[in-house]
Amino acid sequence: MKFYSTRNRQHVVSQEQAIMEGLAGDGGLYMPESIPVLPSSFFENLKNVSLQEKGYEVIRAFFGDGLSDDEVQNIASEALDFDIPLVDVDDGIRTLELFHGPTLAFKDIGARFMARLLGHYVKGADQHTYVLVATSGDTGSAVANGFYGVDGIRVIILYPSGKVSPAQEKQLTTLGGNIHALEVDGVFDDCQRMVKEAFNDPFMRKSFRMTSANSINVARFIPQSIYYFHGVGQLPPSDDPTYVCVPSGNYGNLCAGLLARRMGLKIDKFIAATNANDVVPEYLETSVYTPRPSVKTISNAMDVGAPSNFERILELFNNDIEKIREVITGDRYSDEMTRKAIGEVFHKTGYRLDPHGAVGYLALKKSLSANRAQGFFLETAHPSKFPEVVEEVTGEKVPMPERLSKILEGKKQATSVPATLEALKDFMNNLPV
């Protein structure tokens, strides 16, 4: 499979180059040159195909070049060694729980695949590969866990000071070793800008072998399409349309779902649900895209004012807003509405939503009440990562998984830096060779 830049279809590279570069030299995002359609036999047996087998099919379709079947199988088996269940939440409303991985967040799936794919290409290299990642919450911890201890790789995580939850911060700052955390004096968009500027800076590209572990990297966002197959496969048989609600910040997760749909998966409608950072729902309503500085909310992983993957959405639909509207609807919910949903669902059913899942729940509930359809929303993080919010509105302590409680006991290791490319450059220059 070859990949091209969203800003120049003639800029085509190998899968290795796309994974290693992360961002195209012209500033565009890489997209697969073609999107394979999986055989009908795969979908006919979807309910009986294991999660690992689904992962094998998707990864082989996109990244099979240069990898043996055994290598693809091993990557899928190692990356997907936990459950992703579809769970009943309320009357007719289901959620796909994506938080059963090592860092209790959906980004474990993409990060673990990418770590293994990248590890395949850097094996035996004579210089370090630097993985740069900006995070508004869960990306950093998932990447840190996925790449921790991988030979030849140094991970640099940029996160906005004071704008991630205490649990998220501990997950991405306590590992040490080849994981380096930079606490940036700014917001997530500043962290994302710094990463993009690093890739576009001639000195940085010449001095460091760099790639990105954000969803701008094809090895991060494409594997996320796997769990859409798994979620649909767990739905009961029905002739009704299938709706999937995706809590959305940087929109890599939604792009992965759109990819699954192009591969033949029956999803009739996606709902892009977000908080006050609603530039994409606004675009769907007005046809005008107006990125702006992000604002802080209790669903912090969606606090993105200039989502990178919006460019991929436009590319998938040839910049045709009417075609986008046929498949995607947008919705947004305030912190007050999010808190209310967490409390009401818990007291009615006993199910604990995290703030991101609560936004997804509200948007799906609204859509299903207005349409004859079935579907699910993505529950992207374990509620124990947001105890300040969840415990306040439920009135009960959130049971904490043992693996998270151990991390919270760790010592924070982070370097405070201003939100400038020069600060990132100085930090990388001063790391020991």
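Computation of the quantities below employed the complete heavy-atom set of this structure, encompassing side-chain atoms and omitting hydrogens, waters and symmetry-equivalent molecules. Residue numbers start at 1 and run along the sequence shown. Please read all numbers here as calculations on a predicted model, not as lab measurements.
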S.K.: Lys196 versus Ser308: any side-chain heavy-atom pair under 4.5 Å?
M.R.: yes

S.K.: Kindly indicate whether the side chain of Ile35, heavy atoms from C-beta on, has any atom under 4.5 Å from the side chain of Met263.
M.R.: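 Touching, per the 4.5 Å side-chain cut-off.
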
S.K.: For a salt bridge (charged side-chain N to carboxylate O under 4.0 Å, His left out) check, start with the C-alpha distance between Arg112 and Glu78, then their side-chain angles and the critical distance, and finish with the verdict.
M.R.: CA-CA 8 Å; Arg112 286 162 69 82; Glu78 291 175 6; over 6 Å; no

S.K.: Angle class for the Phe310/Tyr289 ring planes (parallel below 30°, perpendicular above 60°, tilted otherwise)?
M.R.: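 It falls in the parallel class, under 30°.
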
S.K.: For a quick test of reading the model, state the closest non-hydrogen atom pair linking Leu96 to Gly231 and the distance between them.
M.R.: CD1-CA, 3.7 Å

S.K.: Could you tell me whether the side chain of Asp190 and the main chain of Ala419 form a donor-acceptor pair under 3.5 Å?
M.R.: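 Judged by distance alone, no pair lies under 3.5 Å.
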
S.K.: Look at the aromatic rings of Phe3 and Phe63 and report parallel, tilted or perpendicular, splitting at 30° and 60°.
M.R.: parallel

S.K.: Please identify each residue that fulfils side chain to side chain contact (heavy atoms under 4.5 Å, CB included) with Pro399, with sequence neighbours left out.
M.R.: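 So Pro399 forms a side chain to side chain contact (heavy atoms under 4.5 Å, CB included) with Arg352.
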
S.K.: Restricting to salt bridge (Lys or Arg N to Asp or Glu O under 4.0 Å), what partner residues turn up for Arg9, sequence neighbours left out?
M.R.: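 So Arg9 forms a salt bridge (Lys or Arg N to Asp or Glu O under 4.0 Å) with Glu315.
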
S.K.: With a 4.0 Å cut-off, would you call Glu326 and Lys269 a salt bridge?
M.R.: no

S.K.: Tell me, which pairs form a salt bridge (Lys or Arg N to Asp or Glu O under 4.0 Å) where one or both residues lie in residues 19-36, sequence neighbours left out?
M.R.: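 Salt bridge (Lys or Arg N to Asp or Glu O under 4.0 Å) check on residues 19-36 returns no pairs.
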
S.K.: Is the closest basic N to carboxylate O distance between Asp88 and Arg94 below 4.0 Å?
M.R.: yes

S.K.: Testing Leu86, Val87, Leu46 one by one against Gln234 for a side-chain contact (heavy atoms from CB on, under 4.5 Å), which residue passes?
M.R.: Leu86

S.K.: Tell me which pairs pass salt bridge (Lys or Arg N to Asp or Glu O under 4.0 Å) where either residue lies in residues 200-220, with sequence neighbours left out.
M.R.: Asp201-Lys425

S.K.: Donor-acceptor pair, Arg325 side chain versus Leu284 backbone, under 3.5 Å?
M.R.: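 Yes; at least one donor-acceptor contact below 3.5 Å.
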
S.K.: Write out all pairs satisfying ring pair (Phe, Tyr, Trp, His ring centres under 6.0 Å) with one or both partners inside residues 140-159, taking only residues at least two apart or from two chains.
M.R.: none

S.K.: Side-chain contact, heavy-atom cut-off 4.5 Å: Asn178 with Asp151?
M.R.: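 Asn178 vs Asp151: side chains apart.
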
S.K.: Excluding sequence neighbours, so at least two apart, what forms side chain to side chain contact (heavy atoms under 4.5 Å, CB included) with Ala134?
M.R.: Phe188, Cys191, Gln192, Val195, Asn214

